[in-house]
A.B. asks: 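Have a look at the structure that comes next, please.
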Amino acid sequence: MPINVTRSSMPDFGEYCEEIKELWDSHWLTNMGVKHKQLESDLLSYLKADNITLYVNGHLALENIIAAFGFAKNSEIITSPFTFASTTHAIVRNGLTPVFCDVNKDDYTIDASKIEDLITDKTVAILPVHVYGNICDVEKIKAIADKHNLKVIYDAAHAFGVKYKGISAANFGDASMFSFHATKVFNTIEGGAVTYKDSSLSEVLNDLKNFGVHGPESVKFVGGNAKMNEFAAAMGICNLRHIGGEISKRKKVVEHYLNRLSGVKGIKTWALQENVTSNYAYFPVVFDDYKYTRDEIFEKLKQNDIIARKYFYPLTNSFECFEGQKGFDVNDTPVAKYIADRVLTLPLYADLSLETVDKICDIILD
Ligand SMILES: *Cc1c(COP(=O)(O)O)cnc(C)c1O
């Protein structure tokens with residue numbers, strides 16, 4: 001069995017069966033049933049958010065929250081290219097233009113000191129990414145957004161359970177998107193949610209995820225279908241019961257990696273940010289003038305059945321689907337390019353054994 005970069009957390013089989021049992025009585029499988037309602041309320045209290053709307057996945061949550069703000073077509077959103085395809089695609093699929101801002105050298109989140117130079121009269125929002133669960137400079141971003149009257153939407157797909165100065169990641173900006181994909185710290189198999197400050201968005205989001213249907217005889221929006229089903233919600237209810245334990249186990253794995261790899265010349269390991277309670281979502285390592293390149297390490301691990309991932313390479317502003325388009329140029333974001341060319345995300349999940357971590361580190365250090 002290969003060691004993959006991640007492995008989904010699952011409850012005991014019996015616990016899940018118990019959770020879905022009543023669905024066989026009700027025959028109510030989707031369309032905001034009892035499990036959906038319960039998960040929504042469980043998450044509201046876990047994330048300490050003002051409002052939450054659940055989705056079939058994180059990507060459509062992000063697409064819908066952008067749509068819900070009703071920005072004029074061709075408006076610009078300042079964002080980071082050092083992320084998963086979803087972030088940039090959510091902007092473009094809404095008919096809006098991403099404007100790429102470079103990232104910080106240390107935590108790979110958006111470089112807030114470079115945002116203001118990118119603001120034009122078309123800018124309507126900032127969409128930063130709490131990449132690897134590292135929290136963006138939320139204070140500086142808020143100050144810029146307030147000054148220029150911009151919305152702030154966080155891609156918090158990696159930040160489930162993370163806190164900054166004791167405040168849940170769900171509370172920064174106007175809205176935050178979380179992904180509950182199988183590969184994330186908390187999963188509902190596939191799933192996602194958006195948390196937000198303005199409670200009036202709730203009606204719009206609920207309509208948008210259900211074909212724009214507002215009532216039996218009223219269709220207010222040209223919406224899609226992005227509802228979370230009852231089986232996914234039940235998985236979430238179970239997984240949420242164990243989230244604390246899962247994060248503690250991840251922490252032990254990360255600490256072991258740090259013991260083995262930090263301080264090695266040419267290897268820059270992930271570092272815990274000041275004032276942040278982490279969820280230990282990822283363990284990215286940057287090989288910078290190390291005796292082997294990132295690609296050599298990647299291949300060597302692969303030969304040993306260890307599948308690390310080049311998260312995030314290539315940058316979204318170099319995707320072939322955007323080739324030749326104005327504003328999509330990796331040279332505009334040199335720090336992001338530098339990191340993307342050297343970063344490797346090592347296997348990390350709650351049940352990864354410390355012996356396997358040793359094996360991975362031995363291969364890297366050999
Ligand atoms: C996983 C992920 C998404 C998309 O979430 P899905 O639930 O897979 O749709 C968006 N942004 C980032 C940074 C992600 O890692």
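Please read these numbers as outputs of a predicted model, since none were measured by experiment. Both counts, for ligands and for their atoms, begin at 1 and track the order of listing.
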A.B. asks: Considering only protein heavy atoms, which is closest to atom 15 (O) of ligand 1, and at what distance to one decimal place?
C.D. replies: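 The closest heavy atom on the protein side is H158 NE2, 2.7 Å.
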
A.B. asks: Centre-to-centre under 6.0 Å for F328 and F100, is that the case here?
C.D. replies: yes

A.B. asks: Could you say whether the N/O atoms of H59 and ligand 1 ever approach to under 3.5 Å?
C.D. replies: yes

A.B. asks: Report, in ascending order of atom number, the atoms of ligand 1 lying under 4.0 Å from any heavy atom of T83.
C.D. replies: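 Selected atoms, number and element: 13 (C).
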
A.B. asks: Short list, please: which atoms of ligand 1 are under 4.0 Å from a heavy atom of K184?
C.D. replies: 1 (C), 2 (C), 14 (C), 15 (O)

A.B. asks: Check this for me, if you would: do D174 and K197 make a salt bridge, where the nitrogen-to-carboxylate-oxygen distance has to be below 4.0 angstrom?
C.D. replies: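 No, D174 and K197 are not salt-bridged.
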
A.B. asks: For atom 4 (C) of ligand 1, what's the nearest protein heavy-atom neighbour? Residue, atom name and distance, please.
C.D. replies: S86 OG, 3.7 Å

A.B. asks: Ring centroids only, cut at 6.0 angstrom: are Y108 and Y132 within range, meaning strictly under it?
C.D. replies: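 So the answer is yes for these two rings.
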
A.B. asks: Below 3.5 Å, N or O to N or O, backbone or side chain included: is there any such pair between F84 and ligand 1?
C.D. replies: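 Not met; the criterion fails.
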
A.B. asks: Which residue and atom name correspond to the protein heavy atom nearest atom 5 (O) of ligand 1, and how close is it?
C.D. replies: S179 OG, 3.2 Å

A.B. asks: Say you draw a straight line from OG1 of T120 to CD of E76; how long is it, rounded to the nearest 0.5 Å?
C.D. replies: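 Between T120 OG1 and E76 CD, I get 3.5 Å after rounding to 0.5 Å.
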
A.B. asks: Does a side-chain N-to-carboxylate-O contact under 4.0 Å join K37 and E230?
C.D. replies: no

A.B. asks: Determine whether the aromatic ring centres of residues H89 and F322 are separated by less than 6.0 angstrom.
C.D. replies: yes

A.B. asks: Are E255 and K251 close enough for a salt bridge, meaning some N to O gap below 4.0 Å?
C.D. replies: yes

A.B. asks: Atoms of ligand 1 less than 4.0 Å from G191 heavy atoms?
C.D. replies: 7 (O)

A.B. asks: At less than 4.0 angstrom from any non-hydrogen atom of M177, what atoms of ligand 1 do you find?
C.D. replies: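 Ligand 1 atoms under the 4.0 Å threshold to M177: 10 (C), 11 (N).
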
A.B. asks: Using a 4.0 Å cutoff against the non-hydrogen atoms of D155, which atoms of ligand 1 qualify?
C.D. replies: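 Ligand 1 atoms under the 4.0 Å threshold to D155: 10 (C), 11 (N), 12 (C), 13 (C).
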
